[in-house]
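No experiment lies behind these values; they were computed from the predicted model shown.
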Amino acid sequence: MEYMGLKKNRHNTILEIITGQEIDTQEELARQLKEAGYDVTQATVSRDIRELNLCKVSAGGGRQKYAILQQEDSRHLEDKYIRVLKDGFSSMDMAQNILVVKTVSGMAMAVAAAIDAMRFREIVGSIAGDDTIMMAVRTVEDTEKLMGRIRELLHSPQTM
């Protein structure tokens, strides 16, 4: 139970940090948390960002910053995820039941988060680097089906 209280306090601190400052990297957020007295790892910060449903938004001048993703209707959120997928996607290929998605440099985590948010039942889990995402898919057939679904999203008309 103590852990949950610490986590809640850390989450509240993260929200205070990102609303008071322009934080654009996980490393910068981790540094701010350490200055606030939290002993965090990169993995912890990454998990907190996912759990808090944070996203990056334009901060002007070509910079981005973390912000709280407002709860909106699911159709609007799906459109945002599709837009992230379209903006970051470069190519994809499969190796048996592993789908490898290549992205624009620096976009793999955002594209992986968007794909995860779409909750494709075929995906067991995914790992993102700088420009590559590896997704474990249930079967070879599911991998082929998933590639088709992603292609459909990439060629769907953008709604606004």
Side-chain angles (χ1 to χ4, degrees), residues 1-93 95 98-137 146 150 153-154 158 160:
M1 201 54 118
E2 177 67 29
Y3 169 75
M4 291 307 289
L6 180 61
K7 182 176 178 180
K8 183 176 171 79
N9 289 341
R10 188 177 66 245
H11 281 190
N12 287 336
T13 301
I14 289 171
L15 295 175
E16 289 174 14
I17 290 170
I18 67 162
T19 55
Q21 302 173 49
E22 290 186 359
I23 305 294
D24 66 343
T25 65
Q26 289 184 14
E27 294 81 11
E28 188 176 351
L29 183 55
R31 186 172 40 77
Q32 291 288 333
L33 283 168
K34 286 178 182 176
E35 288 177 11
Y38 293 93
D39 185 24
V40 293
T41 64
Q42 187 71 32
T44 300
V45 172
S46 180
R47 191 171 36 255
D48 287 343
I49 287 169
R50 272 194 317 276
E51 289 174 0
L52 289 168
N53 208 20
L54 301 183
C55 64
K56 285 196 172 182
V57 297
S58 175
R63 287 183 34 99
Q64 292 189 326
K65 67 177 183 174
Y66 281 106
I68 303 164
L69 180 63
Q70 299 300 313
Q71 294 302 321
E72 304 169 51
D73 65 88
S74 61
R75 179 71 226 162
H76 186 67
L77 285 176
E78 187 174 309
D79 289 344
K80 282 185 177 183
Y81 300 142
I82 293 169
R83 188 169 48 250
V84 169
L85 175 64
K86 287 181 177 184
D87 288 348
F89 182 87
S90 181
S91 66
M92 66 180 158
D93 201 355
I98 296 174
L99 178 59
V100 177
V101 176
K102 299 295 276 178
T103 70
V104 174
S105 182
M107 287 289 292
M109 291 184 83
V111 171
I115 291 172
D116 285 347
M118 290 183 219
R119 302 198 189 286
F120 291 110
R121 71 147 202 88
E122 298 89 350
I123 300 172
V124 177
S126 58
I127 299 172
D130 182 62
D131 64 355
T132 305
I133 306 164
M134 290 185 63
M135 290 179 250
V137 184
L146 180 60
I150 290 173
L153 290 172
L154 289 168
Q158 191 68 36
M160 290 302 247

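Taken to the nearest 0.5 Å, the OG1 atom of Thr44 stands 8.5 Å off from the CG atom of Asp39. Taken from CG in Leu153 to CD1 in Ile82, the straight-line distance is 5.0 Å, to the nearest 0.5 Å. Of the inter-residue distances, the one linking Asp79 atom CG with Lys86 atom NZ reads 9.0 Å to the nearest 0.5 angstrom. Here the straight-line distance linking atom CG of Leu85 with atom NZ of Lys80 works out to 16.0 Å at 0.5 Å rounding. In this structure, CG in Asn12 is found 9.5 Å from CD1 in Ile14, a value given to the nearest 0.5 Å.
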For this session: Decide side-chain contact (heavy atoms from CB on, under 4.5 Å) for Leu29 and Ile49; before the verdict, give the C-alpha distance in whole Å, the side-chain angles of both, and the deciding distance to 0.1 Å.
Result: CA-CA 10 Å; Leu29 183 55; Ile49 287 169; 4.1 Å; yes

For this session: Would you check, one step at a time, whether the test side-chain contact (heavy atoms from CB on, under 4.5 Å) holds for Ile98 with Val100?
Result: CA-CA 6 Å; Ile98 296 174; Val100 177; 4.2 Å; yes

For this session: List the steps and the verdict of side-chain contact (heavy atoms from CB on, under 4.5 Å) for Val124 and Val137.
Result: CA-CA 5 Å; Val124 177; Val137 184; over 6 Å; no

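In this structure, the side-chain hydrogen bond (donor to acceptor under 3.5 Å, both in side chains) partners of Lys102, at least two apart in sequence or on a different chain, are Thr132. A search for side chain to side chain contact (heavy atoms under 4.5 Å, CB included) contacts involving Asp130 returns Ser105, not counting sequence neighbours. Residues satisfying the side-chain hydrogen bond (donor to acceptor under 3.5 Å, both in side chains) criterion with Gln64, sequence neighbours excluded, are absent altogether. By the side-chain hydrogen bond (donor to acceptor under 3.5 Å, both in side chains) test, Gln42 pairs with Gln26, sequence neighbours left out. With sequence neighbours excluded, the residues forming a salt bridge (Lys or Arg N to Asp or Glu O under 4.0 Å) with Asp48 are Arg10, listed by chain and number. Under the rule for a salt bridge (Lys or Arg N to Asp or Glu O under 4.0 Å), the partners of Arg121 that lie at least two apart in sequence or sit in another chain are Asp142. In this structure, the side chain to side chain contact (heavy atoms under 4.5 Å, CB included) partners of Val104, at least two apart in sequence or on a different chain, are Met107. For Met92, the side chain to side chain contact (heavy atoms under 4.5 Å, CB included) test picks out Phe89, Leu99, Val101, Met147, Ile150, Arg151, with sequence neighbours left out. Under the side chain to side chain contact (heavy atoms under 4.5 Å, CB included) criterion, Thr13 pairs with Ile17, Leu33, Ala36, Tyr38, sequence neighbours left out. Residues passing the salt bridge (Lys or Arg N to Asp or Glu O under 4.0 Å) test with Arg50, sequence neighbours excluded: none. In this view, Glu16 satisfies the salt bridge (Lys or Arg N to Asp or Glu O under 4.0 Å) rule with no residue, not counting sequence neighbours.
The existence of a salt bridge linking Lys65 and Asp24 is excluded, since no basic side-chain nitrogen approaches an acidic carboxylate oxygen closer than 4.0 Å. Under 4.0 Å is where a charged nitrogen must lie from a carboxylate oxygen, and between Glu35 and Arg31 at least one such pair does.
Looking at every heavy atom in both residues, Val45 comes nearest to Ala30 through CG2-CB, 3.8 Å. Residues Ala67 and Val57 approach most closely at CB-CG2, 3.7 Å, considering heavy atoms.
Residues Leu54 and Leu15 form a side-chain contact, since some pair of their non-hydrogen atoms from C-beta on lies under 4.5 Å apart. Taking 4.5 Å as the limit, some side-chain heavy atom of Ser46 sits within range of a side-chain heavy atom of Met109. Looking at heavy atoms from C-beta onward, Glu122 lies out of side-chain contact with Met135 at the 4.5 angstrom threshold.
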Please report, to 0.1 Å, the donor-acceptor pairs under 3.5 Å made by any side chain of residues 111-119, with sequence neighbours excluded.
unit_1: Asp116; atom_1: OD1; unit_2: Ser126; atom_2: OG; d: 3.1
unit_1: Asp116; atom_1: OD2; unit_2: Ser126; atom_2: OG; d: 3.4

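The number of heavy atoms from other shown groups lying within 6.0 Å of CD1 (Ile127) does not exceed 12.
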